[in-house]
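Here the structure is laid out as structure tokens; the discussion comes afterwards.
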There are 2 protein chains.
Amino acid sequence: MPTSARPRRITIEDVARSAGVSRQTVSRAVNDKPEIDPATRQRVLRVAQSMGYRPSRFARGMVGPRLTTLGLVIADVLNPFFPEVVSGVLAAADERGWQVAVYSTGSALERETAVARTVVDQVDACVAFLLDPGAIGLIHRSGMPFVLLDNEHRPPSVSGGRIDFATGMRHAVGHLVERGHRRIAMLDDRGRPDAGGHGTRHSLFLGAAAEHGLPADEGWVFPAANSLEGGAAAMDDVLGGGFGATAVLAYNDLIAIGAMRRARARGMRVPEDCAFVGCDGLTLSRLVDPPLTTLTVDKELLGRSAVRQVAAQMAGAGTGETVIVPRLVVRASS
Amino acid sequence: MPTSARPRRITIEDVARSAGVSRQTVSRAVNDKPEIDPATRQRVLRVAQSMGYRPSRFARGMVGPRLTTLGLVIADVLNPFFPEVVSGVLAAADERGWQVAVYSTGSALERETAVARTVVDQVDACVAFLLDPGAIGLIHRSGMPFVLLDNEHRPPSVSGGRIDFATGMRHAVGHLVERGHRRIAMLDDRGRPDAGGHGTRHSLFLGAAAEHGLPADEGWVFPAANSLEGGAAAMDDVLGGGFGATAVLAYNDLIAIGAMRRARARGMRVPEDCAFVGCDGLTLSRLVDPPLTTLTVDKELLGRSAVRQVAAQMAGAGTGETVIVPRLVVRASS
DNA sequence: CAGTGCTCCGTGAACGCTCACGGGAACGTT
DNA sequence: AACGTTCCCGTGAGCGTTCACGGAGCACTG
């Protein structure tokens, strides 16, 4: 492919010259403005069309009314956790007349910096699920309004939205204990760089277990890739290691469902032989068999409040934090 | 609505003045360029920071290297059909170094025009799931590279990507007939404005049924809203109307699953009392109980080829069409 | 016939930034 | 002592568009 030098762009001036009129007249024709003869408009439009003229959105943006574009960075389009968040963000942004550009890091930590870099010079404000401190710093230092979601290690100077899994885990573990479970395996997301750190579901689980008098330790936690397959593989570990779990609590529904299916495939009955509890409350969790008990999070609200925070920052407010409290929905899997 | 009454923007000139240097020096500091004393850089950066200076992306775009932003319009973020398409588009765009902005019409026909309007002056090229001829015309007339997906009434002058449901329906119906079914209800998406039109799944179903010697007519088709609830409600219609279906073929998996769950809730056995077949091949369809037989579509590929077509158009190619052939995956629901 | 209004069109200026160039100071080299 | 070099830094120009203005042409008034 002969990559010739980029041909000069066709400007409004080119069209004007070619149509025998001035810039302004072309502009009037293209933008459906008054003060132009219908006949000239048609002629100009035809010329513009034939030359393949397309106004530069940059030049327009320079002079026109300033409209805000919000960047939304999610971890993975394929992860069913995000659509509802996106939906909330889109709705809230729409109410304010904002544009939204969605970016996905594909859950790849090493891609976060690249995405952050583009975000910085493509949008005016940002709502992001990001883990890499470098990427976070990049956006933060740019000075744009910024809300960081679901990150336990958010620097205090950046706004955030988090889910109160401390409360959530207490409920979930309490529920299992109530059902008579004493050996609970926790399937953690091994993709997170801060595995086991303070405030993570991992450590909150251990804390909640201790509160309920369970002798839980790191041996109760099994790392899993954040996917159905990851959950299935982790379930093999639980079952193969002789841990003797009567219940499984997973980092999220995806992992829980993967694990539950694997357990069934290995001939176990759910919840009789092993109970399962997930986190997030995906629509999916209601549809699987048996329906999954899960800590439901209002993901749409998470998105909406993030946008609200961004708007507040634009209005000069300081950094803040929104907390979403999950609700335990008990279904047939436990 | 664009934001109103904004205070004048802080420009590079403001920072320059305030730091006692020239524009260019500020530019050098901000962009990490050489030819600047480390000390001045620090000082300028500090001033810029304190003034809340953020470079205008429009001004930058005017002069800098021209990068392409691809607009992707989907019908509904919450519809699990789209994530895989988005994923394909993101991957393919990334390979070419393009940006992607995702828009969602929320499956609301009346919002399509508004979205189309923003798309037209926000991006350089477009891949879209759109139904409204007005919105389609708007984008098409703008002259930007444009690929329209999954629309049976695509104007011949615009490129497209479609799914070969003619072949697909033949397989699906054939499969059911082979299993001994003679009364098959079709659950159509009633949200489509072209319901029953030429090339729709609706009419292709009727055609395929006829080919297999079934006396199918419009009475076999039941409209359903495009959601789980829609499928459930339509199933009530099928069951309540005395149609006597032994099998249900739905417009997509979402509707099929909704219908199947409703049937079970009403005490029917699947597939003994009624078999179910969906379209699209969502991940979800593998996870429900019983797993759903479905016409699987390579959605990721659909996205990738759309981007490929856009790229071709930029290189001067004419309009074209990509066809994806669905594959029947037989599972326990039929 | 001058004056008034309306329709249509063109000319500077401005938007905020980067690129290309040029220039001064400080240092070393012949 | 005159001459390069290197390191910083500043100045004009240009990117492509729209806005605010002004002006020509024409018809219609009083």
Side-chain angles (χ1 to χ4, degrees), chain A residues 5-45 47-48 51-69 120-122 124 142-144, chain B residues 2-45 47-48 51-67 69 120-122 124 142-144:
Chain A
R6 173 160 48 83
R8 202 183 61 80
R9 188 192 176 90
I10 295 169
T11 79
I12 200 173
E13 198 82 42
D14 299 326
V15 178
R17 203 174 4 253
S18 178
V21 295
S22 73
R23 284 171 315 191
Q24 186 58 13
T25 301
V26 176
S27 176
R28 283 192 262 253
V30 173
N31 298 342
D32 250 334
K33 288 271 173 63
E35 304 201 3
I36 182 176
D37 186 290
T40 1
R41 159 166 318 160
Q42 285 310 319
R43 187 164 50 85
V44 170
L45 245 29
V47 173
M51 297 180 70
Y53 167 69
R54 299 207 357 97
S56 148
R57 66 172 188 281
F58 294 114
R60 273 195 168 155
M62 280 231 50
V63 57
R66 195 131 23 257
L67 53 84
T68 29
T69 300
V120 162
D121 50 43
Q122 287 293 107
D124 308 304
S142 85
M144 74 171 91
Chain B
T3 347
S4 58
R6 39 136 203 271
R8 203 183 63 78
R9 188 192 175 90
I10 295 168
T11 78
I12 199 173
E13 198 82 41
D14 298 327
V15 179
R17 201 169 12 246
S18 177
V21 295
S22 72
R23 286 170 311 186
Q24 186 59 13
T25 301
V26 177
S27 175
R28 282 191 262 255
V30 173
N31 298 342
D32 251 333
K33 290 269 173 62
E35 304 200 3
I36 182 177
D37 186 291
T40 6
R41 173 187 319 248
Q42 286 309 319
R43 187 165 49 87
V44 170
L45 246 28
V47 173
M51 297 180 69
Y53 168 68
R54 301 214 345 102
S56 148
R57 65 170 188 281
F58 294 114
R60 274 197 169 151
M62 282 234 46
V63 55
R66 206 147 355 269
L67 53 84
T69 300
V120 161
D121 50 43
Q122 286 294 108
D124 307 303
S142 84
M144 74 171 90

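We name chains A, B, ... by the order of the sequence lines, and we start the count at 1 in each one. From a predicted model like this one, the values you see are computed outputs, not experimental measurements.
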Please step through side-chain contact (heavy atoms from CB on, under 4.5 Å) for the pair Leu67(A) and Gln122(B), ending with a clear verdict.
CA-CA 11 Å; Leu67(A) 53 84; Gln122(B) 286 294 108; 4.1 Å; yes
Could you tell me which residues satisfy side chain to side chain donor-acceptor pair (under 3.5 Å) with Ser22(B), sequence neighbours excluded, listed by chain and number?
Thr25(B)
Run the side-chain contact (heavy atoms from CB on, under 4.5 Å) test against Ala29(B) and tell me which residues pass, sequence neighbours left out.
Ile36(B), Arg41(B), Val44(B), Leu45(B)
Rounded to whole Å, how long is the line connecting atom CD1 of Ile10(A) with atom P of dT17(D)?
10 Å
For atom CZ of Arg9(B) and atom C1' of dC17(C), their distance in whole Å
10 Å
Between dT17(D) (P) and Met62(B) (CE): distance, integer Å
8 Å
What is the separation between atom CG on Asp121(B) and atom P on dG16(D), rounded to the nearest whole Å?
18 Å
Bend angle of the helix from dC1(C)-dG30(D) to dT30(C)-dA1(D), from helix axes over five pairs at each end, nearest 10°
60°
Tabulate atom names and distances for all N/O pairs under 3.5 angstrom spanning the protein and nucleotides 25-27 of chain C.
none

Using the side-chain contact (heavy atoms from CB on, under 4.5 Å) criterion, which residues pair with Val120(B)? Sequence neighbours excluded.
Ile139(B), Ser142(B), Met144(B)
Whether the side chain of Asp37(A) engages the backbone of Ala39(A) through a donor-acceptor N/O pair (distance < 3.5 Å, no angle test) should be reported.
yes
Assign each of Phe58(B) and Lys33(B) the nucleotide of DNA chain C bearing its closest heavy atom; nearer the 5' end lies the nucleotide of Phe58(B)
Ignoring hydrogens, what is the shortest heavy-atom contact between Ser18(B) and Val47(B)? Give both atom names and the distance.
OG-CG1, 3.7 Å
For Arg17(B), all residues meeting side chain to side chain donor-acceptor pair (under 3.5 Å), sequence neighbours excluded
Asp14(B)
Kindly state each residue pair satisfying salt bridge (charged side-chain N to carboxylate O under 4.0 Å, His left out) with at least one member in residues 54-63 of chain B, sequence neighbours excluded.
Asp124(A)-Arg57(B)
Within less than 4.0 Å of OP1 or OP2 of dT18(D), is there a side-chain N or O belonging to Arg60(A)?
yes
Polar-atom pairs under 3.5 Å, protein N or O versus N or O of nucleotides 5-12 of chain C: list them with distances, or write none.
unit_1: dC9(C); atom_1: OP1; unit_2: Thr40(A); atom_2: OG1; d: 2.9
unit_1: dC9(C); atom_1: OP2; unit_2: Asp37(A); atom_2: N; d: 2.8
unit_1: dC9(C); atom_1: OP2; unit_2: Thr40(A); atom_2: OG1; d: 3.2
unit_1: dC9(C); atom_1: N4; unit_2: Glu35(A); atom_2: OE1; d: 2.8
unit_1: dG10(C); atom_1: OP2; unit_2: Ser22(A); atom_2: N; d: 2.9
unit_1: dG10(C); atom_1: OP2; unit_2: Ser22(A); atom_2: OG; d: 3.0
unit_1: dG10(C); atom_1: OP2; unit_2: Thr25(A); atom_2: OG1; d: 2.5
unit_1: dG10(C); atom_1: N7; unit_2: Arg28(A); atom_2: NH2; d: 2.8
unit_1: dG12(C); atom_1: N7; unit_2: Arg23(A); atom_2: NH2; d: 3.1
unit_1: dG12(C); atom_1: O6; unit_2: Arg23(A); atom_2: NH2; d: 2.8

Report the distance from atom CD of Glu13(A) to atom P of dT18(D), rounded to the nearest whole Å.
12 Å
Min side-chain heavy-atom separation Arg28(A)-Thr40(A) under 4.5 Å:
no
Residue set satisfying side-chain contact (heavy atoms from CB on, under 4.5 Å) with Phe58(B), at least two apart, ordered chain then number -> Phe58(A), Met62(A), Ser56(B)
Salt bridge (Lys or Arg N to Asp or Glu O under 4.0 Å) filter on Arg23(B), not counting sequence neighbours, yields none
